[in-house]
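No experiment lies behind these values; they were computed from the predicted model shown. Lettering follows sequence order; numbering is per chain, from 1.
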Amino acid sequence: MKGLFLNLRKPELKDMPTLVSWFRDPEFTENVFEIPENDCEGYVFSLLNQNAKDTTRSLTLIAENSRREPIGLILYQNLDWKNRNIEMNNAIGNFKNRHALYGADLYLLGLTYAFATLNMHKVFGYTHDANVSAKKLNQFAAKTCGVLSQHILRKGVYLDVVVFSILKRDFVSFLESQDAGIIRKFIRSGMFVELIP
Amino acid sequence: MMDFCAWIEDEELENLFKQESDTKLYTTVFSYEETLKPLLIFFGFCKEVCLEEHVYFEGAYQDLEIWGLLR
C-alpha cells in the first residue's frame, strides 16, 4: 500500500538491526504504548517471528520511503475478527524523520490499511497522556473515548492513558470533508481510492 | 493484561483488591447494561472510557464502557 511519501510492507529479517536500533532509542520507546523497557533484540525477534508465522492476532508493517529506507512502524494488535476492531500503534523510527508529513502519512496509511485491506469496522489506540504530539495527531481524525487513570507503570510512576478510536464510516466522512482541506495532497495521491473511489 | 490491574466479574466484587499487588481494578460493561452500573458506582468505580460500537452482539455493534477503581 502506498501513501504520499511512504510505502507499507511486511518486515523481514534484514530489518532487525534497524528495528532494534529504534527500540533502543528511549524517545521511541517512550512514545510507543506497552512495549518492554529492556531486551530489545528479544522483543524484535519475537515480533518478526510471530509476524512470519501468524498474523491472525497481530500484524507488524514497516513504512519505507521512496529510497526504500525504513522510516516507521505500524503495530496492529488485538485483531478482533468477530467485532472487526483492531488496536493500532504507529511510530517514526529515527528522530530526524519525526516531522509532520511522515507522521501524518504513516498514521493515514495505518488507518487506510486497517479499513480498506483488513476490512475493520473500527480502529482504536492508546497513548500516554503526556504524549502531546500523538494526542494531536489522533485528535485530527479520531475521537477521544476517555482516559484510563493511572493505568500503566513506567519508571516507577503510574501514568494516565488516553484511548482514541475511529469508525470506518467516520474516517470515510473525514476524508470526504478534506477534499480542499489540510490533507488534500494525500487525497490527490490516490492513497484512499479503496475508501473514497 | 497487566500485573497491577485485575479484571473482575460482578460476582467477585466482594474480593476487591484481594491481591496485594492490585493498585487498580477495571471492568467492562455494555453501555445498555443499566443493572450493573449502580453496583459499580456503589463500590466507587468511575466510568473512564466509552468504546463506541466496539462489540458485535445480537446483530448490532454495541458500545462498551470501561470502569475503573483506584486503590
Legend entry - Criterion side chain to side chain contact (heavy atoms under 4.5 Å, CB included) on A:Val147 and B:Glu48, from CA distance to verdict: CA-CA 6 Å; A:Val147 178; B:Glu48 295 188 338; over 6 Å; no

Legend entry - Separation of B:Glu65 CD from A:Cys145 SG (nearest 0.5 Å): 11.5 Å

Legend entry - Structural part of B:Ile66 lying under 4.5 Å from a heavy atom of chain A: side chain

Legend entry - Minimum heavy-atom distance between B:Tyr56 and A:Asn83, given as atom pair plus value: N-OD1, 2.6 Å

Legend entry - Contact summary for A:His151 and B:Lys24, nearest pair of heavy atoms: ND1-NZ, 2.8 Å

Inset, instruction - State whether the number of non-hydrogen atoms from other residues, nucleotides or ligands found under 6.0 Å of A:Lys53 atom NZ is greater than 12. - result: no

Inset, instruction - Mark yes when over 12 heavy atoms from residues, nucleotides or ligands other than A:Phe174 sit less than 6.0 Å from its CZ; otherwise mark no. - result: yes

Inset, instruction - Can you tell which part of B:Gln62 gets under 4.5 Å to a heavy atom of chain A, answering side chain, backbone, both or neither? - result: neither

Legend entry - A:Leu167 versus chain B, the contacting section by heavy-atom distance below 4.5 Å: side chain

Legend entry - Charged N-O contact under 4.0 Å between B:Glu53 and A:Arg169: yes

Legend entry - Polar side-chain atom of B:Lys47 near backbone of A:Gly146 as donor-acceptor pair, under 3.5 Å: no

Legend entry - A:Phe95, CZ atom: more than 12 neighbouring heavy atoms under 6.0 Å: no

Inset, instruction - Count the heavy-atom pairs under 4.5 Å between each of A:Val163, A:Asn85, A:Asp80, A:Val162 and chain B, then report the option with the highest count. - result: A:Asn85

Inset, instruction - Measure up the A:Phe124 and B:His54 rings against each other and bin them: parallel (under 30°), tilted (30 to 60°), perpendicular (over 60°). - result: perpendicular

Legend entry - Pick from A:His121, A:Lys122, A:Arg84 with the largest number of heavy-atom pairs that fall under 4.5 Å of chain B: A:His121

Inset, instruction - First locate atom OG of A:Ser165, then atom CG of B:Leu51, and finally report the distance between them rounded to the nearest 0.5 Å. - result: 6.5 Å

Inset, instruction - May I ask whether A:Leu4 and A:Leu195 are part of the same hydrophobic cluster, defined by side-chain heavy atoms of I, L, V, M, F, W, Y residues being less than 4.5 angstrom apart, directly or through others? - result: yes

Legend entry - Transitive ILVMFWY side-chain link A:Leu8 to A:Leu137, under 4.5 Å: yes

Legend entry - Hydrophobic cluster membership, A:Phe164 vs A:Leu175, 4.5 Å side-chain cutoff: no

Inset, instruction - Report whether A:Met1 and A:Val193 are members of the same hydrophobic cluster (ILVMFWY, side-chain heavy atoms less than 4.5 Å apart, transitive linking). - result: no

Legend entry - ILVMFWY cluster, B:Phe57 and B:Tyr61 together (side-chain gap under 4.5 Å): no

